[in-house]
Amino acid sequence: MVRFMIRKGHDGPARRGFLHFAEERLETPALLGPASSAYSKIQYCTVSALNESTSGFYMCSTGSLFQEGAISYDIKRANMIYLLPSMTGLSAMPSEIGINYVRAQLPAIPGDQSDRSCFAIRIPSNISDSDMHALVELIKASEITVVAFTFNGENGPPDLRNLTLRSMLPRNVLCIALGRIPPSMLPLLYYVGFDVIDFGYAFEAASRNLRLWGLDEEPVGFGSERRYCSCVYCMGTEKESTDPRTLLEKHNASIYAQVLSSAIHFAANGNLRWFVESKTHASPEAASFLRRIDSSLYSFLEEFTPNHVGTKIPFIGTESYYSPTVIRFREFVARRYKPSDDKKLVVLFPCSARKPYSDSKSHRRFSAVLDRILGNKRDAVAETIITSPLGLVPRELERIYPAGYYDIPVTGQWDAEETTIAAEALVTHLSKFDESVVVIAHVSGGYLDVVRQAEVQIRQSIIYTAHEASPTSNTALAALKDTISDLLDIITLLPKRSTLLDTIRATADFMFGEGAGDCLAPSDASVRGKVYGSIICRVSNAQTCLYSGINGRLSLTLEGGKRLASLGRYWVRFDAPQIEGSSIFAVGVSSADTAIRPGDEVIVVDSNDRVLGVGRSEMSGQEMCDFTNGIAVRIRHKEK
Amino acid sequence: MCPDHIVSIQEAIARASMDARQDSIKRRKSKDLSQPAAAWLSTTRIGGTDGTALSIVLATIGCSHARGISGGCTMCSYLLDGSETPPSGEQIIKQFQNAMSKLEKKQAPLSVKLYTSGSFLDPDEVPIPVREEILLLLAKDERVTEVVIESRPDYVTSKSMEALRRALGTRRVEIGIGLESSNDNIRRLCINKGFSKQDFMDATRVARENDIGVRAYVLLKPPFLSEKTALDDALQTVLDCERMGVTTVSVNPVNIQKHTLVERLWHRGEFRPPWLWSLVELLKRARKEIDSNINIICDPVAVGKSRGVHNCGKCDNIIADSIKSFSLSQSVAVLDDLSCDCLLQWEHVIQHEEFSSLVHTDRHKDRLKSLIAKA
Ligand code: SF4
Ligand SMILES: [Zn+2]
Ligand SMILES: [Zn+2]
């Protein structure tokens, strides 16, 4: 019996896990290659070439679907996965052949063999959605634990289709990527949830005199000067071999090992997406491939993308405009952010390199102006920061992930795409304010272009205060000051001190959706603390939540969980009268809100919707339902 | 294998094959129906001496299998050589006579190979009286000592065989049948051949009973198979040919013909014609393993081209020449010392293609070319 266990931690669908065999376990992600290579964590072999004295992990191909006569399986063999019979050329054929091919593989499993877990089925790329749904049911009903896809490495429609099909699989199936996979594609495959990756291309490339690198390949042996490489094979310091072809193979294989270990490292730090984006520069096809993945697999990628990572997140290239973290942030701001009614003035500011913006020099200057001129009425102003690729960030949300954590190359130059993205965000944002609200655009350059592009769709009047000079210049700051003091003659701002409450309410709405702010921090709530420190929120003397200025997030108390439960969101149903210990496991979860992402604050309820506790999720809501192992929620507070 | 799924796959492949052919049949050019589709001379070995062979491809209505609803074979577009309007009996005889005129000044021994774009013995292609007339004309020519015809096994009956033998007297007669593979699954699904191994064996028996030899066409690399499986299957087929009483084995590596399913797959990067290395390997091993009385011949189409059996481009010509001389001499020695850098690529394909289920196309070759051009 072979079992696949996924360890905790998420960065996109990428995961680390163990494939458990009877006695040993294989750590994933792992490279799959020929037995001759030390870099093969799993080695491929054929039934006919099985030899007795094997050690390590094996994947055995069982020949063609059309082969006559029974294939001999030795299913008692340790550490062996059998790859069911192959049929090539399917991507160009109708779906019905694909699905029938998959079904035809299953009878290749010896009839008396009830344990199907050591057989890997091959899923061709030509399967339709409806056929795939049927297949998923079949996989769930059988003990199939391992599935394999074949990539041609061209980043074309068949490769994309493979990823779509992969996204439809149950979450706890081990996925193998076979085929021609260049090193630059490896991080992407890991990112979208492949656990075992075939690096046979290292050897094909070597046979064609190609030396592989992280991004490209170099023809060697044609008289051109060789690029420098410090690996033992290229330096000639390796003892075992002097044959140039073998050394080239070893160099190529080592590149895969290097790239995979980097991918694992970045995933652990929450920066795998950045690593994947950086590899798209391998070719225009690779770049457009990621774009297509982002648009067609958004919900899959997003499901596994944590809402909070806590490390810097770089948004470097255009690929990041549509990364799940970015799209989700834009969507949450658009759908969940609701300004409080007493905002009579909106001031638009440019973003700053330093996060949170408030800590930057430029924003300190803006703040000083607002403080000086508005004094205790300052909270009647809705400060909004325009930025790329997030679109815009309301001041109340400037500390939350990714707003408080992203890094972009700051040039002041915007491309048409990011301008449009921000302009659309601005239109949506301003539509939430009353028509009588006045908008002050204290922006220049690309930020100004954003406002100008949005202008026709904005109902409020807009005053530009920095269109002639940089927003931090004395001229612009004076214009801002004068404009506001002029406005104070026309509109009445009520004095109020509501920064803390506004921040809590906006954060609650952002994290839990509409209405959450009203539940956790109604207008009569008592709030105490500092935005950059922490804020404690109490309702009728009971604490509902705690805001942390370090990550801009709320953590719930049991009371907060009970108040929030009425919204019917972010719940995890646990089949027990009471929570024992400090976490609940996926196996005990009977159902969960599918909106839950790893790292979310969640409310644990029993079968009668009674709140048992609150805590932080370790996996997505869907995974909690699918998985039979692993921690689902780490409990923070529970009913005693 | 579970028959249900296999039947569905087979039907779908047959439909796809039909689909690829589509209306190419209707778009066949109208031709001068008194001329054969092709006719050419070559030197050949006839019963131990050098002689002249005339190959004639009669333009008929075309292969019944490809014409009908069965979809035709996945790699074959011979049908396109046929004619949309069926030629009359007189026209077919005229075609034959026009072709035979090429032999006017030739000395004995002569070998005449009578092909159609289908089966010479199919009465829909060549009506029986016409067939009899042609055989009569051949029988009159004393120089002709060998006659080869082609037919699907469906038409190889004791009646047709007896008639053939009677008409041609003591001449050496061989009938070419496209067995392609001795694996029923491969023949039925990958090739959509439409007859079984048993059909072939029955035809062979009937032919041999009438002292008519059987030339089995063996296909190297039908679609949907890896290079390795294809090689293994072709070799197995040759071995089985010996057991089934075949007199000559003709090895045919798949080439990409117009308006076929194989062409479609090839366009999409889902098929690559076999490597010459596979062919060499096949010929060497086959020659060593089967009875030396059975000739193994191979005259590949489009060799070295991207549509034909090919290697890297550097070694193709030398290997093609070696295969040609092997066909004449039957000596494996001519195939022994071949080598080229690309052998390693082929070895990788043999190892990795089956495992990964990925068709290892040459697309990378083009990329490599552009890389080198840049360097
Ligand atoms: S290969 Fe022969 S049987 Fe098949 S379609 Fe062509 S001519 Fe007909
Ligand atoms: Zn190196
Ligand atoms: Zn070569």
Side-chain angles (χ1 to χ4, degrees), chain A residues 32 34 44-46 59-61 63-68 83 85-94 96-97 99-108 122 124 148 150-154 156 158 178-180 198 200-201 203-210 216-219 222-225 245, chain B residues 1-2 4-9 11-13 15-16 181 183-186 188-190 222-226 228-230 232-233 236 261 264-271 341-349 351-361 363-365 367-368 371-372 374-375:
Chain A
L32 165 66
Y44 35 75
C45 60
T46 54
M59 189 159 295
C60 185
S61 105
S64 160
L65 183 70
F66 305 104
Q67 212 129 25
E68 280 175 328
L83 207 43
S86 72
M87 176 173 178
T88 67
L90 286 178
S91 82
M93 299 297 290
E96 54 171 319
I97 298 191
I99 188 70
N100 281 303
Y101 160 57
V102 175
R103 294 217 153 99
Q105 288 173 54
L106 298 178
R122 298 178 186 259
T150 297
F151 290 83
N152 64 22
E154 291 173 17
L178 300 171
R180 261 179 183 162
D198 174 10
Y201 183 61
F203 306 90
E204 180 175 8
S207 79
R208 293 172 187 269
N209 277 314
L210 291 173
D216 69 334
E217 35 200 60
E218 170 200 9
F222 293 95
S224 56
E225 199 176 319
R245 181 85 57 171
Chain B
M1 284 204 282
C2 174
D4 274 3
H5 308 315
I6 294 301
V7 167
S8 314
I9 295 176
E11 288 170 355
I13 290 177
R15 268 198 300 282
S181 168
N183 175 325
D184 272 335
N185 289 328
I186 292 178
R188 195 155 56 109
L189 281 91
C190 304
F224 309 116
L225 301 180
S226 69
K228 168 86 164 61
T229 310
D232 289 349
D233 177 62
Q236 187 58 50
L261 181 57
R264 268 196 186 183
L265 293 169
W266 178 70
H267 275 311
R268 306 253 193 115
E270 288 284 35
F271 184 79
D341 270 0
C342 70
L343 191 57
L344 285 158
Q345 292 172 35
W346 174 75
E347 280 168 359
H348 174 82
V349 171
Q351 183 194 34
H352 193 247
E353 193 167 78
E354 177 64 57
F355 183 82
S356 66
S357 204
L358 175 76
V359 176
H360 285 50
T361 56
R363 290 188 187 187
H364 275 50
K365 201 162 103 186
R367 265 182 47 208
L368 179 59
L371 279 173
I372 294 167
K374 266 187 257 158

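Because only heavy atoms are used, hydrogens play no part in the values below, and waters and symmetry mates are left out as well, while side chains stay in. Quick note on labels: first sequence line is chain A, next is B, and so on, each numbered from 1. Since this is a predicted model, take the numbers as computed values, not measurements.
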Hey, could you give me the [atom1]/[atom2] distance between [X] and [Y], rounded to the nearest 0.5 Å?
X: A/D198; Y: B/S357; atom1: CG; atom2: OG; value: 11.5 Å
X: B/L189; Y: A/L65; atom1: CG; atom2: CG; value: 8.0 Å
X: A/S207; Y: B/E347; atom1: OG; atom2: CD; value: 9.0 Å
X: A/R103; Y: B/D4; atom1: CZ; atom2: CG; value: 10.5 Å
X: B/R268; Y: A/L90; atom1: CZ; atom2: CG; value: 12.0 Å
X: B/N185; Y: A/Q67; atom1: CG; atom2: CD; value: 10.0 Å

Original post:
So, do A/Y201 and B/H352 have ring centers that fall under 6.0 Å from each other?
Top reply: no
Tell me, side chain or backbone of [X] under 4.5 Å from chain A's heavy atoms, or both, or neither?
X: B/H360; value: both
X: B/D233; value: neither
X: B/I13; value: both
X: B/A16; value: side chain
X: B/F224; value: both
X: B/R188; value: neither

**OP:** In sequence, state the C-alpha distance, the side-chain angles, and the governing distance for B/L358 and A/T88, and then conclude on side chain to side chain contact (heavy atoms under 4.5 Å, CB included).
**Re:** CA-CA 6 Å; B/L358 175 76; A/T88 67; over 6 Å; no
Looking only at non-hydrogen atoms, find the nearest pair between [X] and [Y] and report the distance.
X: A/F66; Y: B/I186; result: CB-CG1, 3.5 Å
X: B/F355; Y: A/M59; result: CE1-O, 3.5 Å
X: B/H348; Y: A/G200; result: CE1-O, 3.1 Å
X: B/V359; Y: A/G89; result: CG2-N, 4.0 Å
X: B/S356; Y: A/T150; result: O-OG1, 2.7 Å
X: B/H5; Y: A/A104; result: CD2-N, 3.8 Å

**OP:** Please report the C-alpha distance between A/S91 and B/E270 in whole Å, then the side-chain angles of each, then the deciding distance to 0.1 Å, and finally whether the side chain to side chain donor-acceptor pair (under 3.5 Å) criterion is met.
**Re:** CA-CA 7 Å; A/S91 82; B/E270 288 284 35; 2.5 Å; yes
Subject >> A/R180/B/E353 ion pair, N-O < 4.0 Å >> reply: no
Subject >> Set of residues satisfying ring pair (Phe, Tyr, Trp, His ring centres under 6.0 Å) with respect to A/F151, sequence neighbours excluded >> reply: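 A/F194.
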Original post:
By ring pair (Phe, Tyr, Trp, His ring centres under 6.0 Å), which residues pair with A/Y101, not counting sequence neighbours?
Top reply: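 Not a single residue meets the ring pair (Phe, Tyr, Trp, His ring centres under 6.0 Å) criterion with A/Y101.
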**OP:** Decide side chain to side chain contact (heavy atoms under 4.5 Å, CB included) for A/T46 and B/Q351; before the verdict, give the C-alpha distance in whole Å, the side-chain angles of both, and the deciding distance to 0.1 Å.
**Re:** CA-CA 9 Å; A/T46 54; B/Q351 183 194 34; over 6 Å; no
Subject >> Which portion of A/L83 sits near chain B, non-hydrogen atoms under 4.5 angstrom >> reply: side chain
Original post:
Which answer fits A/L106, side chain, backbone, both or neither, if we ask what part of it has an atom under 4.5 Å from a heavy atom of chain B?
Top reply: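 Contact with chain B involves no heavy atom of A/L106 at all.
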Subject >> Between B/L225, B/L265, B/N183, the one whose heavy-atom pairs under 4.5 Å with chain A are most numerous >> reply: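 Among the listed options, the one with the most contacts to chain A is B/N183.
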**OP:** Measure from the side-chain N and O atoms of B/Q345 to the backbone N and O of A/E204, and report whether any donor-acceptor pair falls under 3.5 Å.
**Re:**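 Checking the backbone N and O of A/E204 against the side chain of B/Q345, no donor-acceptor pair under 3.5 Å is found.
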Original post:
Does any donor atom in the side chain of A/E96 or B/S8 lie under 3.5 Å from an acceptor atom in the other side chain?
Top reply: no
